[in-house]
Amino acid sequence: MTDFSEIRNACMLCTNCPLHETRTNVVFGVGNPDAKILFVGEAPGENEDLQGEPFVGRGGQLLDLYLNGVGLDRKSNIYITNILRCRPPHNRDPRPEEQQACLPFLRQMVKQMQPKIIVCVGRIAAQVIISKDFKVSKEHGVFYERGGMLLMGTFHPAALLRDPRRKGDCFEDFLKLQDKIKALGIEI
Ligand code: URA
């Protein structure tokens, strides 16, 4: 059984970057720590900061639709977290020093969970986790093998709300994910 309580407690007390001064809640993550599929977004927004859970705004509702469409559920068979655990003011992009301050928590989570697949939700997560020049428009839905894990980047739901023409492409990524889950024999 994966137990995140130690990392979670460290996050709750974290003052490693200035974002702790403006946060309402630390947004640690949600889901099943024993899951083999980890979703990583960018950073909490306003709703997430207020509620302490990732992806709970309009974008989160869209993400849930895609997840549920391929048999995934944030409460039972995946885990969802972000590159940052505290909200950047006005939802600006995470700064490099904030990423560096928060990444050790993600690394520890990955080490404990040992996910088979990491899905990077949006450009920022994909550039941090897959490659620094990752282009979502070109590389979405592609699985990269790294250290015994498969890494895949897809569209951020906020980007889909701005440009709904990419919604079909995004759902295709989720269908590829579903195929990969079956091919790897991951029980969900
Ligand atoms: N956007 C993200 O990347 N993560 C969240 O938790 C909410 C919005």
Side-chain angles (χ1 to χ4, degrees), residues 4 7-8 11-12 14 17 19-20 22-33 35 37-68 72-110 113 115 117-132 134-137 139-141 151-164 166-167 169-171 173-174 177:
F4 282 153
I7 316 176
R8 183 189 289 274
C11 283
M12 296 302 155
C14 179
C17 87
L19 296 183
H20 78 276
T22 48
R23 73 184 175 220
T24 312
N25 283 296
V26 173
V27 180
F28 181 76
V30 66
N32 180 353
I37 308 151
L38 174 65
F39 282 74
V40 184
E42 176 180 329
E46 184 181 17
N47 294 301
E48 291 75 22
D49 174 65
L50 291 173
Q51 295 182 42
E53 180 171 327
F55 288 105
V56 289
R58 275 182 69 219
Q61 288 170 16
L62 186 58
L63 179 63
D64 281 335
L65 270 183
Y66 288 107
L67 290 170
N68 297 164
L72 300 176
D73 183 307
R74 68 163 68 207
K75 291 209 163 53
S76 63
N77 54 15
I78 59 169
Y79 200 86
I80 309 180
T81 188
N82 283 302
I83 298 291
L84 296 192
R85 271 146 210 82
C86 298
R87 182 192 181 200
H90 312 294
N91 300 346
R92 62 159 170 71
D93 283 356
R95 293 187 173 142
E97 63 274 20
E98 294 160 357
Q99 296 178 24
Q100 289 318 312
C102 218
L103 272 174
F105 294 123
L106 182 62
R107 288 201 189 96
Q108 287 177 49
M109 290 168 85
V110 169
M113 257 187 92
I117 302 177
I118 298 181
V119 179
C120 302
V121 183
R123 174 181 60 88
I124 300 277
Q127 289 185 342
V128 171
I129 293 173
I130 302 177
S131 68
K132 67 177 182 347
F134 189 95
K135 295 249 179 327
V136 176
S137 55
E139 297 174 77
H140 69 91
L151 314 179
M152 187 265 269
T154 190
F155 299 88
H156 195 285
L160 297 176
L161 291 173
R162 285 193 298 273
D163 181 6
R166 309 311 299 262
K167 283 184 175 178
D169 290 338
C170 185
F171 193 57
D173 295 347
F174 277 74
L177 172 64

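Computed over heavy atoms, backbone and side chain alike; hydrogens, waters and symmetry mates excluded. All ligand and atom numbering here is 1-based and tracks the order in the structure.
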Flag the pair I37 / N77 as yes when at least one side-chain heavy-atom distance between them is below 4.5 Å, and no otherwise.
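They are not in contact (no side-chain heavy atoms under 4.5 Å apart), so the answer is no.
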Is the centre of the F134 ring less than 6.0 Å from the centre of the H140 ring?
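Not close enough - the centres of the two rings lie 6.0 Å or further apart.
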Would you say the rings of Y79 and F4 are close, in the sense that their centroids are separated by under 6.0 Å?
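F4 vs Y79: aromatic centres under 6.0 Å.
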Non-hydrogen atom of E53 closer than 4.0 Å to ligand 1
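In this structure, E53 fails to qualify as a contact of ligand 1 - no heavy atom is under 4.0 Å.
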Looking at ligand 1, is there an atom of it that comes within less than 4.0 Å of some heavy atom belonging to N82?
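Contact check N82 vs ligand 1: positive.
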Taking D163 first and then R166, would you say they form a salt bridge - that is, a charged N and a carboxylate O separated by under 4.0 Å?
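Salt bridge between D163 and R166, a charged N being under 4.0 Å from a carboxylate O: no.
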May I ask you to decide whether E42 forms a salt bridge with R123, counting only side-chain N to carboxylate O separations under 4.0 Å?
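Judged by the 4.0 Å cut-off on N to carboxylate O distance, E42 and R123 do not form a salt bridge.
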Side-chain donor-acceptor pair under 3.5 Å between T24 and D49, yes or no?
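On atom types as modelled, these side chains qualify, holding a pair under 3.5 Å.
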Which atoms of ligand 1 are found less than 4.0 Å from any heavy atom of P54?
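What qualifies from ligand 1 is 6 (O).
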Run the numbers for me: atoms of ligand 1, each under 4.0 Å from some heavy atom of G41, listed by number.
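Reading through ligand 1 atom by atom, the close ones are 3 (O).
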Please classify the A43 to ligand 1 contact at 4.0 Å (heavy-atom distances, strictly less than): side chain, backbone, both or neither.
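The answer is the backbone.
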Could you see which bit of E42 sits under 4.0 Å from ligand 1, with heavy atoms only: side chain, backbone, both or neither?
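Within the 4.0 Å criterion, E42 contacts ligand 1 through backbone and side-chain atoms alike.
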Can you pull out the closest protein heavy atom to atom 1 (N) of ligand 1? Residue, atom name and distance to 0.1 Å, please.
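Heavy-atom neighbour on the protein nearest atom 1 (N) of ligand 1: H156 NE2, 3.1 Å.
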Polar proximity ligand 1 side, P44 side, N/O cut 3.5 Å exclusive
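Among all N and O atoms of P44, none is under 3.5 Å from an N or O of ligand 1.
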